[in-house]
Amino acid sequence: MARENVDVDNLQITGARPSEGPEAPLTVQDEVIIVVNQAYGPAGDPIVGITDVEFDGFPALTLLVRAEGREEQVHLSPIHGDRRKVGMADLPTGTKCELLCPVSRKPLPRVGRIGESEAEYCAIYLTKKLDEGSMIYVSDTWGHHHSRIVDNNEMISLWVAAESGE
């Protein structure tokens, strides 16, 4: 795993550890890297591993993105904090996007703003139950790399920085 790809400057900590086990939606690797193993759109469709795109051997999380009159699948690294993606490479930073499930084509539910940013967050579910206590919040603004992971109602993205001593 290439740790230099992870944006550790924007990770924050709560102290809670992600859920574990063979069916867990997240994997903690090297005690400080979180990998999304499964994720679901608003209709319960799986959106991890639906294409052959991978990052460091892990299947990509795929979204359908609409922006500037275009619609394209964008494949995101499942490694939390990793900014790599495939798709819409020429979209200008700061562009507002509509985020949809690539399977059902339904818009991702809006979570709203967090903090002072103009970016709004949309929800990707970590379990088939579509539980609001286990979600990824992803920004609707291209180039705004401040996603959040909530697992069992704990902000897991905050836990990573504490474990890594940052």
Side-chain angles (χ1 to χ4, degrees), residues 1-2 5-7 10-11 18-19 23-27 29 33-153 155-157 160:
M1 163 102 32
N5 292 323
V6 178
D7 181 16
N10 290 307
L11 296 178
S19 55
E23 300 298 315
L26 306 169
T27 297
Q29 187 173 37
I33 303 297
I34 294 178
V35 179
V36 176
N37 297 321
Q38 62 188 31
Y40 302 89
D45 298 298
I47 59 174
V48 170
I50 63 170
T51 69
D52 61 354
V53 178
E54 292 184 345
F55 295 87
D56 295 342
F58 298 104
L61 188 154
T62 302
L63 298 178
L64 185 62
V65 177
R66 288 184 188 149
E68 294 193 338
R70 297 168 44 194
E71 180 179 280
E72 188 176 322
Q73 284 190 352
V74 175
H75 311 283
L76 307 174
S77 171
I79 304 162
H80 182 65
D82 184 353
R83 295 179 176 191
R84 292 177 293 169
K85 60 183 166 283
V86 175
M88 288 199 163
D90 60 342
L91 198 61
T93 298
T95 301
K96 288 293 237 179
C97 302
E98 183 180 2
L99 305 179
L100 303 102
C101 172
V103 180
S104 71
R105 303 180 65 81
K106 291 184 177 182
L108 298 184
R110 293 210 169 267
V111 177
R113 290 194 170 113
I114 298 175
E116 302 292 320
S117 174
E118 289 298 313
E120 290 191 63
Y121 288 86
C122 297
I124 298 169
Y125 298 97
L126 288 172
T127 69
K128 290 180 185 180
K129 294 179 188 176
L130 309 182
D131 179 14
E132 291 183 10
S134 296
M135 300 166 55
I136 300 169
Y137 299 166
V138 63
S139 173
D140 71 347
T141 303
W142 193 259
H144 183 255
H145 302 285
H146 300 283
S147 64
R148 307 288 192 264
I149 296 178
V150 176
D151 183 40
N152 293 323
N153 295 304
M155 190 76 75
I156 297 304
S157 51
V160 174

Please give me the minimum heavy-atom distance between [X] and [Y], naming the atom from each residue.
X    : Y    : answer
P59  : V48  : O-CG1, 3.8 Å
C122 : L108 : CB-CB, 3.8 Å
L64  : P102 : CB-CA, 3.9 Å
P46  : V103 : O-CG2, 3.7 Å

Apply side chain to side chain contact (heavy atoms under 4.5 Å, CB included) to A67 and list each qualifying residue two or more places apart in sequence or on a separate chain.
->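 Result, side chain to side chain contact (heavy atoms under 4.5 Å, CB included) vs A67: L91, T95, C97.
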Spacing of [X] atom [atom1] and [Y] atom [atom2] [to the nearest 0.5 Å]:
X    : Y    : atom1 : atom2 : answer
Q73  : T62  : CD    : OG1   : 5.5 Å
K85  : H75  : NZ    : NE2   : 13.0 Å
R66  : E72  : CZ    : CD    : 13.5 Å
F55  : L76  : CZ    : CG    : 7.0 Å
Y121 : T141 : OH    : OG1   : 8.5 Å
R84  : D82  : CZ    : CG    : 4.0 Å

Please examine the side chains of [Y] and [X], heavy atoms only from C-beta on, and report whether any two atoms are closer than 4.5 Å.
X    : Y    : answer
V74  : W142 : yes
V36  : L126 : yes
L130 : Y40  : yes
P107 : L99  : no
M135 : P109 : no
L63  : I47  : yes

Do other residues, nucleotides or ligands put more than 12 heavy atoms under 6.0 Å from K106 NZ?
->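 Counting other residues, nucleotides and ligands, NZ of K106 stays at 12 neighbours or fewer.
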Which residues share a salt bridge (charged side-chain N to carboxylate O under 4.0 Å, His left out) with R105, sequence neighbours left out =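 With neighbours one apart ignored, the set is E71.
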Considering only NZ, NE, NH1 and NH2 on the basic side and carboxylate oxygens on the acidic side, decide whether K96 and E118 come within less than 4.0 Å.
->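 Here K96 does not pair with E118 in a salt bridge, since their nearest N and O are not under 4.0 Å apart.
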Applying salt bridge (charged side-chain N to carboxylate O under 4.0 Å, His left out), run through R110 and D140 and close with a yes or a no.
-> CA-CA 9 Å; R110 293 210 169 267; D140 71 347; 3.2 Å; yes
